[in-house]
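So the structure is just underneath, and the comments pick up after that.
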There are 2 protein chains.
Amino acid sequence: MPEGLVTFPKATISRFPLYFRVLTEYNHQNIALVSSEEMAQKVGVTPSQLRKDLSYFGSLGIRGAGYDVAYLLTKIKEILGMDRKRRLGIIGAGKLGMALAGYSGLKQHGLEVSALFDTDQAKWGAINEQLTVFPLSELAVQRERLGLEIAVLTVPKVAAQRVAELAVEAGFAALWNFAPVRLEVPPEIIVQYEDIVVGILTLSHHLARKLGT
Amino acid sequence: MPEGLVTFPKATISRFPLYFRVLTEYNHQNIALVSSEEMAQKVGVTPSQLRKDLSYFGSLGIRGAGYDVAYLLTKIKEILGMDRKRRLGIIGAGKLGMALAGYSGLKQHGLEVSALFDTDQAKWGAINEQLTVFPLSELAVQRERLGLEIAVLTVPKVAAQRVAELAVEAGFAALWNFAPVRLEVPPEIIVQYEDIVVGILTLSHHLARKLGT
DNA sequence: TTGAGATTGTGAAATTAATCACAAGGGGAG
DNA sequence: CTCCCCTTGTGATTAATTTCACAATCTCAA
Ligand SMILES: NC(=O)c1ccc[n+]([C@@H]2O[C@H](COP(=O)([O-])OP(=O)(O)OC[C@H]3O[C@@H](n4cnc5c(N)ncnc54)[C@H](O)[C@@H]3O)[C@@H](O)[C@H]2O)c1
Ligand SMILES: NC(=O)c1ccc[n+]([C@@H]2O[C@H](COP(=O)([O-])OP(=O)(O)OC[C@H]3O[C@@H](n4cnc5c(N)ncnc54)[C@H](O)[C@@H]3O)[C@@H](O)[C@H]2O)c1
């Protein structure tokens with residue numbers, strides 16, 4: 001089955017990080033082999049959904065036995081692009097930007113925050129041994145120097161479109177946008193939106209339904 | 001059409017916050033009437049999807065004319081439970097918890113962070129005029145006193161399950177969980193997961209595909 | 001008051017996603 | 001080496017969601 005031609009539900013990819021997490025746990029517990037049933041239970045999906053999800057990327061299991069934990073981990077890393085380190089530059093060294101810069105969950109997944117950028121002069125300079133906040137004018141130079149691929153947008157929403165354009169000009173291939181606005185960028189640029197308000201308002205809706213507003 | 005009986009796609013609700021945002025903009029610009037085509041364009045959905053989404057909640061537009069901005073805003077507020085203020089208690093006054101506590105986007109949607117809780121004694125006390133960090137033992141008392149409904153979990157993942165149980169015991173009706181773990185709670189408790197790693201790994205996958213890993 | 005023009009609301013059709021159910025192997029006991 | 005048991009991989013089926021296309025009906029101008 002030629003991997004490049006298969007199409008699969010968009011939701012499939014969003015389940016892979018969850019598979020990755022439970023596999024990491026099994027690995028820690030020195031469990032070498034796991035069945036789709038056991039794993040699916042832990043993730044909260046059906047076994048057939050798990051098997052179907054994996055099947056889009058080849059025949060990754062062992063019939064009659066289950067899935068080899070270590071092997072499946074390396075395959076999932078490959079699928080999610082975790083087989084090599086990806087470097088992030090955070091634009092907007094404010095409350096959220098600084099929280100993300102100090103979030104260990106990123107490094108655990110091969111994602112390294114390597115620089116921050118801000119227009120506020122007062123924020124420029126080293127934060128610690130590894131991290132420095134640069135002025136925006138350094139965007140292209142530091143991207144090149146540090147090998148940054150992904151720009152994280154944690155600037156106020158009014159600045160987001162302009163900053164996105166600067167990031168594209170500076171050569172970033174992908175944007176991870178936390179500002180609550182839709183960005184206009186060239187089609188070859190990958191954009192991932194992270195909209196926290198959608199989550200809490202979904203919750204609020206359920207709450208309103210349950211309580212009768 | 002009896003509102004309570006209609007079923008609709010889960011994704012419908014997650015589009016309402018986006019509709020709300022563009023309507024707020026129209027409102028600011030003193031635009032009173034807007035067509036599904038114009039609005040859909042701005043949000044990034046098809047006009048028929050927008051109309052279908054709204055139709056699940058009644059006949060909210062005016063045939064031949066469009067949607068009345070002010071009216072639709074009040075209806076969407078109702079649907080999303082924004083017609084009254086909801087109070088949040090943040091458990092875990094760390095990097096992310098503090099960022100959320102200072103996030104103006106919440107208040108703009110009728111969501112008010114009214115207290116924080118932490119086990120770390122060094123964090124206890126007032127942050128500013130409005131906000132205080134309490135010890136976890138105060139959870140039930142302060143929930144009652146301040147009218148907190150939603151517990152925001154921004155604690156390390158190893159603590160999340162235990163903290164969720166404490167929040168339920170303390171009488172919270174809903175949990176907004178930022179820790180990367182599935183929570184075991186009674187079925188009547190509403191849980192919304194916010195998993196940032198899913199987003200960035202989805203992006204990483206697209207990047208790997210595009211660049212050939 | 002009437003008719004032309006516009007845009008909604010919505011069944012039906014098309015598309016996409018999830019589940020089912022079982023044939024196709026692989027493992028291991030004897 | 002063989003046979004039985006077990007679990008995967010996957011077509012077929014069912015379910016969910018989106019898109020289509022047009023009848024319904026509202027506005028506005030004359
Ligand atoms: N704080 C949160 O918890 C949270 C949650 C979800 C989304 N967001 C979104 O993230 C963004 C940042 O929020 P925040 O709370 O961290 O705000 P903040 O004000 O704390 O930080 C914004 C930072 O961006 C910098 N900045 C402003 N204009 C800039 C520009 N043109 N180029 C580079 N840097 C610029 C500011 O100097 C500041 O350091 C906002 O769009 C917000 O809606 C925040
Ligand atoms: N930092 C981020 O940008 C980010 C992003 C996404 C998700 N998260 C998740 O959010 C959670 C918090 O992350 P963080 O970076 O803010 O960590 P942090 O270490 O800065 O903050 C954690 C806070 O929780 C407190 N705490 C620990 N155990 C507790 C308990 N049992 N009860 C109450 N409070 C307790 C600690 O004292 C600390 O103040 C983690 O689960 C993390 O995976 C963080």
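No hydrogens, no waters, no symmetry mates; every other heavy atom, side chains included, goes into these values. Letters A, B, ... are given to chains in the order of the sequence lines, protein chains preceding strands, and every chain is numbered from 1.
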Among [options], which nucleotide sits nearest the side chain of [X]?
| X | options | answer |
| --- | --- | --- |
| B:Ala65 | C:dA21, D:dC22, D:dT27 | D:dT27 |
| A:Lys10 | C:dT16, C:dT8, C:dA24 | C:dT16 |
| A:Gln49 | D:dA12, C:dA18, D:dA16 | C:dA18 |
| B:Ser55 | D:dT8, C:dT10, D:dT18 | C:dT10 |
| B:Ser35 | C:dA18, C:dT8, D:dT7 | C:dT8 |
| A:Lys52 | C:dG9, D:dT19, D:dA12 | D:dA12 |
| A:Arg63 | D:dA23, C:dA23, C:dG11 | C:dA23 |
| A:Arg51 | C:dG9, D:dT18, D:dT10 | D:dT10 |

How many Å lie between [atom1] on [X] and [atom2] on [N], as a whole number?
| X | N | atom1 | atom2 | value |
| --- | --- | --- | --- | --- |
| A:Tyr56 | C:dT16 | OH | P | 13 Å |
| B:Leu72 | C:dT7 | CG | C1' | 15 Å |
| A:Asp53 | D:dT8 | CG | P | 14 Å |
| A:Phe8 | D:dT10 | CZ | P | 15 Å |
| A:Ile13 | C:dA18 | CD1 | P | 13 Å |
| A:Phe57 | D:dT10 | CZ | P | 13 Å |
| B:Leu60 | D:dT25 | CG | C1' | 16 Å |
| A:Leu50 | C:dT19 | CG | C1' | 14 Å |

Do the ring planes of A:Phe16 and A:Phe57 sit parallel (below 30°), tilted (30 to 60°) or perpendicular (above 60°)?
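Rings of A:Phe16 and A:Phe57: perpendicular, over 60°.
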Can you say whether the rings of A:Phe8 and B:His205 are parallel (under 30°), tilted (30 to 60°) or perpendicular (over 60°)?
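Answer is perpendicular, since the angle exceeds 60°.
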Run the salt-bridge test on [X] and [Y] with the 4.0 Å N-O cut-off and return the result as yes or no.
| X | Y | answer |
| --- | --- | --- |
| A:Arg21 | B:Asp195 | yes |
| B:Glu25 | B:Lys42 | yes |
| B:Asp83 | B:Lys77 | no |

Tell me whether the side-chain N/O atoms of [X] come closer than 4.0 Å to OP1 or OP2 in [N].
| X | N | result |
| --- | --- | --- |
| A:Thr46 | C:dT19 | yes |
| B:Tyr67 | C:dG9 | yes |
| B:Ser48 | D:dT19 | no |

I need the minimum non-hydrogen distance between B:Leu175 and A:Leu203, along with the two atoms involved.
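Taking every non-hydrogen atom into account, O-CD1, 3.4 Å.
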On DNA chain D, does the nearest nucleotide to A:Leu54 precede the nearest nucleotide to B:Ile62 from the 5' side, or the other way round? Give the residue.
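The answer here is A:Leu54.
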B:Ser36 near the nucleic acid: base, sugar-phosphate alone, or nothing, with a heavy-atom cut-off under 4.0 Å?
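Sugar-phosphate: the residue B:Ser36, judged by heavy atoms under 4.0 Å, touches backbone atoms but no base.
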